[in-house]
A.B. asks: 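I'd like to ask you about the structure that follows.
In listed order, ligands and their atoms are each counted from 1.
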Amino acid sequence: MLTFRPKPSAAKPALYRDLLEQLAALFAGESDPIANAANASALLFWSLADVNWTGFYFLRAGGELVLGPFHGKPACVRIAAGRGVCGAAVRRAESVLVPDVHEFPGHIACDPDSRSELVVPLRREGAILGVLDLDSPLRARFDGEDRAGIEAVAEAYVAASMFAG
Ligand code: SME
């Protein structure tokens, strides 16, 4: 049984190195994208300080994003192409770090407690499969080290998971 080792006070690079090790253990021998997304979102939620939502949206026909496994309060199920922070990450094909969601035009407020957000695209061979989304109730909770760490998490998730099509 895997034991969580949350160390919210650890320096971020060390925290993310530890997280990636735990993810590798969770993904070992498992390639189901839903199972891996479920465990990844749980691990992120319980390992990172000051997050109120961690989860996945998957890209579907017409560029719509559809809710996947997550931890946190129930969230918007479908996000139309290009909408919100999640849609912006897909459109730009890059991570979007929003220090204050109140200042991001078009932000979709699933949980009114969310104040800052980090959305990282899931990529495989140049194609975008969806996004990994983290919300925090604190302003400017995420920085460049979080972005690098969560991009590495997204990469590990895609590498471990077998997507249909
Ligand atoms: N805030 C996101 C919507 C998803 S929730 O944060 C879970 C957005 O603006 O795209």
A.B. asks: Would you mind telling me if ligand 1 is within reach of the side chain of D133, the backbone, both or neither, using heavy atoms under 4.0 Å?
C.D. replies: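 Only the side chain of D133 comes within reach of ligand 1.
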A.B. asks: Looking only at protein heavy atoms, which one is nearest to atom 5 (S) of ligand 1, and what is the separation?
C.D. replies: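 So the nearest neighbour among protein heavy atoms is C110 SG, 3.3 Å.
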A.B. asks: Can you name the atoms of ligand 1, numbered from 1 with element, that are less than 4.0 Å from a heavy atom of W53?
C.D. replies: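 Heavy-atom distances to W53 below 4.0 Å select 7 (C).
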A.B. asks: What protein heavy atom is closest to atom 8 (C) of ligand 1, reported as residue, atom name and distance in Å?
C.D. replies: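 That would be V85 N, 3.3 Å.
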A.B. asks: Quick check: are there more than 12 heavy atoms from other residues, nucleotides or ligands sitting under 6.0 Å from CD of E155?
C.D. replies: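 No, the 6.0 Å shell around CD holds no more than 12 heavy atoms from other groups.
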A.B. asks: What is the closest protein heavy atom to atom 2 (C) of ligand 1, and at what distance does it sit?
C.D. replies: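 Here the closest protein heavy atom is E117 OE2, 3.1 Å.
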A.B. asks: Can you find a heavy atom in the side chain of R115 that is under 4.5 Å from one in the side chain of L138?
C.D. replies: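 No, too far: nothing below the 4.5 Å cut-off.
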A.B. asks: Could you tell me whether F70 approaches ligand 1 through its side chain, its backbone, both or neither, with non-hydrogen atoms closer than 4.0 Å?
C.D. replies: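 Looking at F70 and ligand 1, no heavy atom falls under 4.0 Å.
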A.B. asks: Looking only at protein heavy atoms, which one is nearest to atom 3 (C) of ligand 1, and how far off is it?
C.D. replies: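 Among all protein heavy atoms, the one nearest atom 3 (C) of ligand 1 is I108 O, 3.6 Å.
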A.B. asks: Has R141 got more than 12 heavy atoms of other residues, nucleotides or ligands less than 6.0 Å from its CZ?
C.D. replies: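 Enclosed: over 12 neighbouring heavy atoms sit under 6.0 Å from CZ of R141.
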A.B. asks: To the nearest 0.1 Å, how far is atom 6 (O) of ligand 1 from its closest protein heavy atom, and which atom is that?
C.D. replies: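 Heavy-atom neighbour on the protein nearest atom 6 (O) of ligand 1: D135 OD2, 2.7 Å.
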A.B. asks: Does one hydrophobic cluster hold both V101 and V120, with members joined at side-chain heavy-atom distances below 4.5 Å?
C.D. replies: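 Per the 4.5 Å side-chain linkage, V101 and V120 are not co-clustered.
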A.B. asks: Short list, please: which atoms of ligand 1 are under 4.0 Å from a heavy atom of H107?
C.D. replies: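 Under 4.0 Å from H107, ligand 1 has these atoms: 1 (N), 9 (O).
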A.B. asks: Centres of the F45 and F70 rings: under 6.0 Å?
C.D. replies: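 No.
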A.B. asks: Starting at CG of N36, measure out to CD of E30 and round the result to the nearest 0.5 Å.
C.D. replies: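 Interatomic distance, N36 CG to E30 CD, rounded to 0.5 Å: 5.5 Å.
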A.B. asks: Short question: side chain of S31, backbone of M162 - any donor-acceptor pair under 3.5 Å?
C.D. replies: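 No; judged by distance alone, with no hydrogens or angles, the pair does not exist.
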A.B. asks: Looking at ligand 1, is there an atom of it that comes within less than 4.0 Å of some heavy atom belonging to Y57?
C.D. replies: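 Y57 counts as a contact of ligand 1 under the 4.0 Å cut-off.
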A.B. asks: For ligand 1, is any non-hydrogen atom under 4.0 Å from C86's backbone (N, CA, C, O), its side chain (CB onward), both, or neither?
C.D. replies: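 For C86, the contact with ligand 1 is made by both the backbone and the side chain.
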A.B. asks: For T54 and D133: C-alpha separation, side-chain torsions, deciding distance, then whether side chain to side chain contact (heavy atoms under 4.5 Å, CB included) applies.
C.D. replies: CA-CA 6 Å; T54 56; D133 181 12; over 6 Å; no
